[in-house]
Amino acid sequence: MTNLQPKSKESQNILGIETSCDETAAAVVNTEGLILSSIVSSQLELHQRYGGVVPELASREHMRGIVPVVREAMDKAGLAYQDLAAVAVTAGPGLMGALLVGVTYAKGLAFSTGLPLIAVNHLAGHVHAVLLDTAEQHREIEFPALAFIVSGGHTHLFYAPDASTFKLLGKTRDDAVGEAYDKVSVTLGFGYPGGPTLDALSSHGSAKPGVFSVPSMKGNALDFSFSGFKTAALRWAAVNPVADEIAARREILTGGTPPTVEDWLRVTPMATRNLIASFQQTAIDHLEANVLRALTHTDARSLIVSGGVASNRGLRARFQRASFPVPSYFPKPVLSTDNAAMIAAAAIPKLAARDFAPLSFTPDPSLRLDTEKPDSEKRASGAA
Ligand code: KG4
Ligand code: ZN
């Protein structure tokens, strides 16, 4: 067994591994933030037919994929294990069985090469995806910032005094916003995942008031709630004559080839298009209202948005409009969904601080990014 010591001074290379949900991913990123390789093997097709991620199937696919995916990332980067300074792996949050595959593999690799192991929070990874992108464009994000993670599993708003410190300001009390997209989509017959489809279709209808409304939150006003959106869509589908069009869309889904927007439009009358536009507009209204509220409560000077829903066109337009009070930063679409480049990037400050994980560490499916609970009192005095 060789004991590889991280080289100092010159740029170092970190192998990142991500298996928290339904993407098996590996990437090599150097300490200057350059992505040398990034391989993502998606299990989307496998889970699509079940309308959501099936944890047992996810673990099995990660076990199948992890060795070839890591090998491909190393090959694409043109590196051998001796050229690495550390192995970084997602430690949580995520599905336990899925996380275990990546963590166990990373531990084995660290043990056999003597490389240090770095445990990375998946959510810190999402924030670093944006930093990777801005570094590439030689732009700098001003801190303190708000970090907003919007995905299928998270709707979490953090106050970040710097890129490695996060205080939770508010989070969803029930469904995540991406989950709401997926559930409304499945209800209407557009299948899973719903975000990209509903986002694309929403510009083909007009938002009308009535079906959806922004929930008013008791207690922490910066919390979110998306379960009402799903219920409202279910109720709408039950009282409107939409059974035939839903059946036609489900038929399209079984067709084999991925449907285009034109395919969907052919079987989606204006009333349903308007419903989708209303859903998208109200969901974004809810997200935006809390961000604006958080901006007035804190001294944040910018907004970082990440996670799968960060690719939503309506959300980007809203947060990047000229009158929005602070500059907002989004990752490029390829870095907005789960990938391992963001995990390696989040390990850069940990490598510098020699913040290594022992080989005995275990993943934590509900790992938190912050150290504090949401608390409006603390927020008002601590952040500004
Ligand atoms: O971050 P991600 O790849 O996985 C996790 O959930 O961690 O996010 C996937 C989620 C899904 O719920 C998907 O429907 C949603 O992001 N999504 C979108 C869009 N693209 C993906 N939601 C709204 N608009 C989109 N354009
Ligand atoms: Zn994610």
Side-chain angles (χ1 to χ4, degrees), residues 16-25 27 38 40-44 47-48 50-53 55 58 90-95 98-99 102 120-130 147-156 171-172 175-188 190-203 224 226 229-230 233 258 261 264 276-277 279-284 286-288 304-319 330-343 345-346 365-367 369:
I17 295 174
E18 153 68 37
T19 64
S20 67
C21 189
D22 60 345
E23 261 100 23
T24 315
S38 179
V40 180
S41 166
S42 175
Q43 307 173 2
L44 203 63
H47 299 288
Q48 234 156 14
Y50 302 102
V53 177
T90 304
L95 303 168
L99 287 164
V120 172
N121 186 306
H122 181 80
L123 303 181
H126 273 301
V127 174
H128 278 266
V130 185
F148 196 20
I149 298 163
V150 281
S151 72
H154 293 89
T155 308
H156 282 48
K171 66 176 170 63
T172 183
D175 294 348
V177 56
E179 197 176 351
Y181 269 90
D182 296 335
K183 286 179 174 170
V184 171
S185 175
V186 169
T187 298
L188 298 177
F190 294 100
Y192 167 89
T197 308
L198 299 190
D199 184 16
L201 290 175
S202 66
S203 57
F224 301 86
F226 281 95
F229 287 80
K230 165 195 66 188
V261 173
W264 288 132
I276 293 167
F279 165 69
Q280 166 126 327
Q281 178 172 295
T282 318
I284 296 172
H286 184 25
L287 298 174
E288 188 195 23
I304 300 169
V305 189
S306 60
V309 184
S311 44
N312 185 279
R313 280 180 263 171
L315 188 71
R316 281 179 185 242
R318 196 75 76 84
F319 286 160
F330 289 78
K332 58 180 161 204
V334 58
L335 290 178
S336 75
T337 48
D338 289 350
N339 65 87
M342 68 185 199
I343 302 304
S366 47
L367 188 65
L369 184 55

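Whatever order the structure lists them in is the order used to number ligands and atoms, beginning at 1.
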Atom [atom1] in [X], atom [atom2] in [Y]: separation rounded to 0.5 Å?
| X | Y | atom1 | atom2 | answer |
| --- | --- | --- | --- | --- |
| Q281 | H286 | CD | NE2 | 14.5 Å |
| L99 | L367 | CG | CG | 9.0 Å |
| T172 | E179 | OG1 | CD | 8.0 Å |
| H122 | I343 | NE2 | CD1 | 6.0 Å |
| F229 | D175 | CZ | CG | 10.5 Å |

So which protein heavy atom does [atom] come closest to, and at what separation?
| atom | value |
| --- | --- |
| atom 24 (N) of ligand 1 | N312 ND2, 2.9 Å |
| atom 9 (C) of ligand 1 | G152 N, 3.9 Å |
| atom 15 (C) of ligand 1 | V309 CG2, 3.9 Å |
| atom 12 (O) of ligand 1 | D182 OD2, 2.7 Å |
| atom 18 (C) of ligand 1 | G195 CA, 3.4 Å |
| atom 26 (N) of ligand 1 | D199 OD2, 3.0 Å |

Start with the C-alpha gap between N339 and E18, add the side-chain angles, then the distance that decides, and say whether side-chain hydrogen bond (donor to acceptor under 3.5 Å, both in side chains) holds.
CA-CA 7 Å; N339 65 87; E18 153 68 37; over 6 Å; no
Heavy-atom side-chain contact between I149 and L369 under 4.5 Å
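In contact.
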Are side-chain heavy atoms of V305 and V130 found at a separation under 4.5 Å?
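No; the side chains remain at least 4.5 Å from each other.
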What do we get for [X] next to ligand 1 when only non-hydrogen atoms under 4.0 Å count, side chain, backbone, both or neither?
| X | result |
| --- | --- |
| H126 | side chain |
| D338 | both |
| T337 | both |

May I ask which of A310, S202, G308 has a heavy atom nearer to atom 21 (C) of ligand 1 than the others do?
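Closest candidate by heavy-atom distance is G308.
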Below 4.0 Å from any atom of ligand 1, is there a heavy atom belonging to G153?
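Judged by the 4.0 Å heavy-atom criterion, G153 does count as contacting ligand 1.
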How close do G16 and A340 get, counting heavy atoms only, and between which atoms?
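Residues G16 and A340, closest heavy atoms: O-CB, 3.4 Å.
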Counting backbone and side-chain atoms alike, is an N, O or S atom of H154 positioned under 2.8 Å from the Zn ion (ligand 2)?
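No N, O or S atom of H154 is closer than 2.8 Å to the Zn ion (ligand 2), so no.
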Within the stated cut-off of 2.8 Å, is an N/O/S atom of H122 closer than that to the Zn ion (ligand 2)?
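Looking at H122, which is the residue asked about, there is an N, O or S atom under 2.8 Å from the Zn ion (ligand 2).
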With no hydrogens and no angle check, is any side-chain donor or acceptor of T19 less than 3.5 Å from a backbone partner on A98?
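Confirmed, T19 side chain pairs with A98 backbone.
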Taking 4.0 angstrom as the limit and counting only heavy atoms of [X], give me the atoms of ligand 1 inside it, by number and element.
| X | result |
| --- | --- |
| P193 | 14 (O) |
| S151 | 1 (O), 5 (C), 6 (O), 7 (O), 8 (O) |
| G178 | 12 (O) |

Tell me if the aromatic rings of Y181 and F226 count as close, with their centers under 6.0 Å from one another.
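No.
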Restricting to N/O/S, name the atom of D338 that gets closest to the Zn ion (ligand 2).
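Of the nitrogen, oxygen and sulfur atoms in D338, the Zn ion (ligand 2) lies nearest to OD1.
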